[in-house]
Amino acid sequence: MEKLFDESWDELLKPLLKQERMRHLSAFVQQERRNHIVYPPQELVFNAFRLTALPDVKVVILGQDPYHNVGQAHGLSFSVPDGIMHPPSLKNIFAELTTDIPGFSYPKSGDLTKWAEQGVLLLNATLTVRAHQAASHQKQGWEEFTDQVIAQISKELNHVVFVLWGAYAQKKSVLIDHSKHLVLKAVHPSPLSVYRGFFGSKHFSKSNEYLTQKGRKIIDWHLD
């Protein structure tokens, strides 16, 4: 059986998963799966941690919930599997990329695995959701888990870019040591707010500029 997450996360994640709060969370999610459809599939809940090794993390893009419609969620924030229609927020992310990154063309696939494999941790604050019910698994323990992950990344690594889109993600700023990391903030890329500062934020080029300054390899944001 394939491991849930890359072994580089073992020292950090295994103690967290043994905490009492996480045992309650696990029981809740198991009960939800018995009675409802839950996304993403169980084997993909920790996909972000499987595709991006801890020492390789260069950029953290924080989402809120997994997508809650059929076939969308696969354990990476804002990403959908190949062949799935792009959700509105992802469309806006790609639109921003076309103006920010030279040569970026709007991709056919919404699968962001290529970013994850380069060190972009695509992390949702809540890692599961009931089908068609946004925010249905919030306040069950996932937030405490992912808050501790963010805090530990901040503590253990140097020169990471934390990309916080929207008020929810921006609250996580207090978990990050701003003296040794770059924190980029903008409104959420949803259609409701995208024109209030997401378009033109240039977070992708700013991330690479920072990584270059710190002697780290940049992210190739191109997908096709």
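Between A186 and S201, the shortest heavy-atom contact is CB-CB, 4.2 Å. Considering all non-hydrogen atoms of both residues, K206 and L182 come closest at O-CD2, 4.2 Å. For M22 against L17, the heavy-atom pair with the smallest separation is CB-O, 3.6 Å. Annotation for K180 and N158: closest pair CD-OD1, 3.2 Å, computed over non-hydrogen atoms. Contact record, G110 with S79: O-OG, 3.4 Å, taken as the closest heavy-atom pair. The two residues K58 and I219 make their nearest non-hydrogen contact at CD-CD1, 3.9 Å.
Note that OH of Y106 and CG of L223 are 11.0 Å apart. Values are rounded to the nearest 0.5 Å. The structure places CG of L25 at 6.5 Å from OG1 of T128, a figure rounded to the nearest 0.5 Å. Here the CG-CD distance, from D65 to Q138, works out to 4.5 Å after rounding to the nearest 0.5 Å.
A donor-acceptor pair is defined here as one N or O able to donate and one able to accept, closer than 3.5 Å; such a pair exists between the side chain of H86 and the backbone of K108. Under a 3.5 Å cut-off, the side chain of N208 and the backbone N or O of I218 do not form any donor-acceptor pair. In terms of modelled atom types and a separation under 3.5 Å, the side chain of S207 and the main chain of H203 share a donor-acceptor contact. The main-chain N or O of V129 is never found under 3.5 Å from a side-chain atom of H68 such that the two would form a donor-acceptor pair.
Under the 30°/60° scheme for interplanar angles, the aromatic rings of W115 and F94 are found to stand perpendicular. In this pair, W9 and F49 present their aromatic rings perpendicular. The plane angle is above 60°, beyond the 30 to 60° band. Aromatic ring pairs are classed by plane angle as parallel below 30°, tilted from 30° to 60° and perpendicular above 60°; the pair H222 and F104 is tilted.
Exactly one residue among E144, H24, Q148 makes a side-chain hydrogen bond (donor to acceptor under 3.5 Å, both in side chains) with Q19. That residue is Q148.
Residue-environment remark: CD (E20) exceeds the threshold of 12 foreign heavy atoms within 6.0 Å.
Put simply, the side chain of T126 does not reach to within 4.5 Å of the side chain of Q64, judged on heavy atoms. Side chains of Y39 and L44 form no contact here, defined as non-hydrogen atoms less than 4.5 Å apart.
Proximity of the aromatic rings of H137 and F28 is defined here by a centroid distance below 6.0 angstrom, and this criterion is met. For H188 and F78, the gap between ring centers is short of 6.0 Å.
Grouping the Ile, Leu, Val, Met, Phe, Trp and Tyr side chains by contacts below 4.5 angstrom, directly or via other members, places L127 apart from L122.
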